[in-house]
Structures are given as structure tokens and as C-alpha cells.
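Okay, so here's the structure we're looking at.
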Amino acid sequence: MPDSLVADPLPDPVSIQADAFDVAAEIGRVEAEHGGRAGAVVTFTGLCRDEGGRLKGLELEHYPGMAEAEIGRVVDEARARWPLQAVRVVHRHGLVAPGDGIVLVITASSHRVAAFEAATFLMDYLKTRAPFWKREHLADGTTGGWVEATEADDAAAERWT
């Protein structure tokens, strides 16, 4: 990576922020952390959907401190399950517009299977058990209901127990 594109190393594997994240900069941080030891880097970016034009945005709430600690605990669990050289989880809060990133998960490992499985494990957790609350803001100006995990999300997460 050219010096002008090298990002600062990771201060912490978990960030919860209102601002949009820069995927390339985050990948650069993970690459700086693994220092060439990884043979695979898996990246997943979850985006806010417009639900067929029905949604103006998705509001995400969390308890600061508690959410970071809980996601950090699950990152530690992923590190215990798979031989990871680096992990990064970035989750947004506040109002996120359709097309914008909500969550970013990056895992680095010597081999692709571990990187893919760890990323999937982390996303299954984030979709079903992370301490976030999501509420729809509709295109007609009204506020919709709170969004729950789907049965499919719950079933996917069950395979890790």
C-alpha cells in the first residue's frame, strides 16, 4: 500500500459512531495491524435499504459504553474460536439514510475459511443480539415501528451455540 494510503493502526477493534465510516481506511488499519501475517482479509459492509422507496432512514440507538463492551466480548470470542490476526467492527448509531453503511466487519486470518467464518459469526451476533435498537423513519414523514431480528437471522445465529 503506498505510504499516502497507510492508515493509523487500530486503537480498538470496536467503534460505535454517528459518522459514516471509510471502508478503505478501515481496511488499511486492519492491514497495518496484521502486518503481512494474514493470507485472507474478509470485509462485510451492511447498508441501509430503502425498502422499495418506503424508508427515509433507519434510526439506531444504543447505550454508550455497554454496546462497545458487549461487542468487544464477542470479538474476543471470535478470536478464541478462529486464528485471527486482526478484527475490526464499526457500527453506526443515529439516523442512517438508505444506501449508507450501517455496519462494517473486517477479519484477517492466515486462511480464508477462518476469516469468512469469523466474519459470519460476528454479523450473526450483530444482527440478533447486539445491544442496538432500530426504528424506521418512513418516506411519508412518519416514524415507523422498532425493527426486530427475523426468524432467519435467529436461525443463522443458532449454529454458533
Side-chain angles (χ1 to χ4, degrees), residues 1-51 58 60 62-94 96-134 147-161:
M1 175 182 291
D3 288 343
S4 63
L5 297 178
V6 174
D8 294 331
L10 296 175
D12 190 329
V14 177
S15 292
I16 299 176
Q17 60 195 51
D19 295 331
F21 45 81
D22 180 335
V23 175
E26 296 295 345
I27 291 170
R29 287 185 182 96
V30 166
E31 289 175 347
E33 182 179 347
H34 73 69
R37 294 168 306 176
V41 174
V42 169
T43 305
F44 175 83
T45 305
L47 306 174
C48 179
R49 295 183 299 267
D50 73 356
E51 300 295 350
L58 193 61
L60 295 110
H62 74 295
Y63 287 119
M66 182 186 87
E68 292 89 344
E70 181 59 19
I71 295 169
R73 184 192 64 73
V74 176
V75 165
D76 290 344
E77 184 176 341
R79 287 185 188 271
R81 287 178 178 233
W82 294 279
L84 300 175
Q85 277 78 41
V87 179
R88 181 78 170 133
V89 175
V90 181
H91 205 296
R92 304 261 317 267
H93 67 87
V96 179
D100 288 350
I102 295 174
V103 63
L104 175 65
V105 171
I106 307 172
T107 57
S109 183
S110 295
H111 301 284
R112 65 180 167 81
V113 171
F116 273 111
E117 286 183 353
T120 301
F121 167 79
L122 289 164
M123 275 310 306
D124 286 344
Y125 164 77
L126 290 167
K127 284 288 288 182
T128 58
R129 293 181 178 88
F132 287 94
W133 297 268
K134 303 174 202 172
V147 179
E148 299 290 332
T150 66
E151 286 183 29
D153 293 332
D154 289 332
E158 284 298 315
R159 72 181 163 146
W160 305 110
T161 57

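No experiment lies behind these values; they were computed from the predicted model shown.
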Taking every non-hydrogen atom, the tightest pair across [X] and [Y]:
| X | Y | answer |
| --- | --- | --- |
| Ala119 | Val42 | CB-CG1, 3.8 Å |
| Ala108 | Ala38 | CB-CB, 3.9 Å |
| Ser109 | Pro83 | OG-O, 2.7 Å |
| Pro13 | Val87 | CB-O, 3.4 Å |
| Glu158 | Thr161 | O-OG1, 2.8 Å |

Strictly distance-based, threshold 3.5 Å: is any side-chain N or O of [X] a donor or acceptor partner for the main-chain N or O of [Y]?
| X | Y | value |
| --- | --- | --- |
| Arg81 | Trp160 | yes |
| Thr107 | Ala115 | yes |
| Arg92 | Gly101 | yes |
| Arg88 | Asp12 | yes |

Next on the checklist: Can you tell whether the side chains of Glu151 and Lys127 come within less than 4.0 Å, N to carboxylate O?
Outcome noted: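 Salt bridge absent between Glu151 and Lys127.
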
Checklist entry - So, Arg73 and Glu77, do they make that salt bridge, N to O below 4.0 Å? => result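 Looking at Glu77 together with Arg73, the answer is yes, because their closest N to O distance falls below 4.0 Å.
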
With sequence neighbours excluded, what pairs up with [X] under the side chain to side chain contact (heavy atoms under 4.5 Å, CB included) test?
| X | result |
| --- | --- |
| Glu148 | none |
| Arg49 | Glu51 |
| Thr128 | Ala149, Asp153, Asp154, Ala157 |

Checklist entry - What residue pairs, at least two apart or across chains, pass side-chain hydrogen bond (donor to acceptor under 3.5 Å, both in side chains) with a residue in residues 36-45? => result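 Non-adjacent pairs meeting side-chain hydrogen bond (donor to acceptor under 3.5 Å, both in side chains): zero.
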
Roughly how far, to the nearest 0.5 Å, is [atom2] of [Y] from [atom1] of [X]?
| X | Y | atom1 | atom2 | answer |
| --- | --- | --- | --- | --- |
| Ser15 | Glu26 | OG | CD | 6.5 Å |
| Tyr125 | Glu70 | OH | CD | 3.5 Å |
| Leu47 | Leu104 | CG | CG | 10.5 Å |
| Cys48 | Asp100 | SG | CG | 7.5 Å |
| Ile16 | Leu60 | CD1 | CG | 10.5 Å |

Checklist entry - When the ring centroid of Phe116 is compared with that of Trp82, is the distance short of 6.0 Å? => result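 That pair fails the under 6.0 Å test.
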
Checklist entry - Residues in side chain to side chain donor-acceptor pair (under 3.5 Å) with Glu68, at least two apart? => result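 Result, side chain to side chain donor-acceptor pair (under 3.5 Å) vs Glu68: none returned.
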
Checklist entry - Mind checking what makes ring-ring contact (aromatic ring centres under 6.0 Å, His included) contact with His62, not counting sequence neighbours? => result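 His62: ring-ring contact (aromatic ring centres under 6.0 Å, His included) contacts with His93, Phe132.
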
Checklist entry - Checking side-chain contact (heavy atoms from CB on, under 4.5 Å) against Leu122, which of Val74, Ile106, Val103 comes through? => result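 Of Val74, Ile106, Val103, side-chain contact (heavy atoms from CB on, under 4.5 Å) with Leu122 is met by Val74 alone.
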
Next on the checklist: Just so I know, are the side chains of His34 and Val41 near enough to count as touching, which here means a heavy-atom distance under 4.5 Å?
Outcome noted: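 Yes, close enough: below the 4.5 Å cut-off.
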
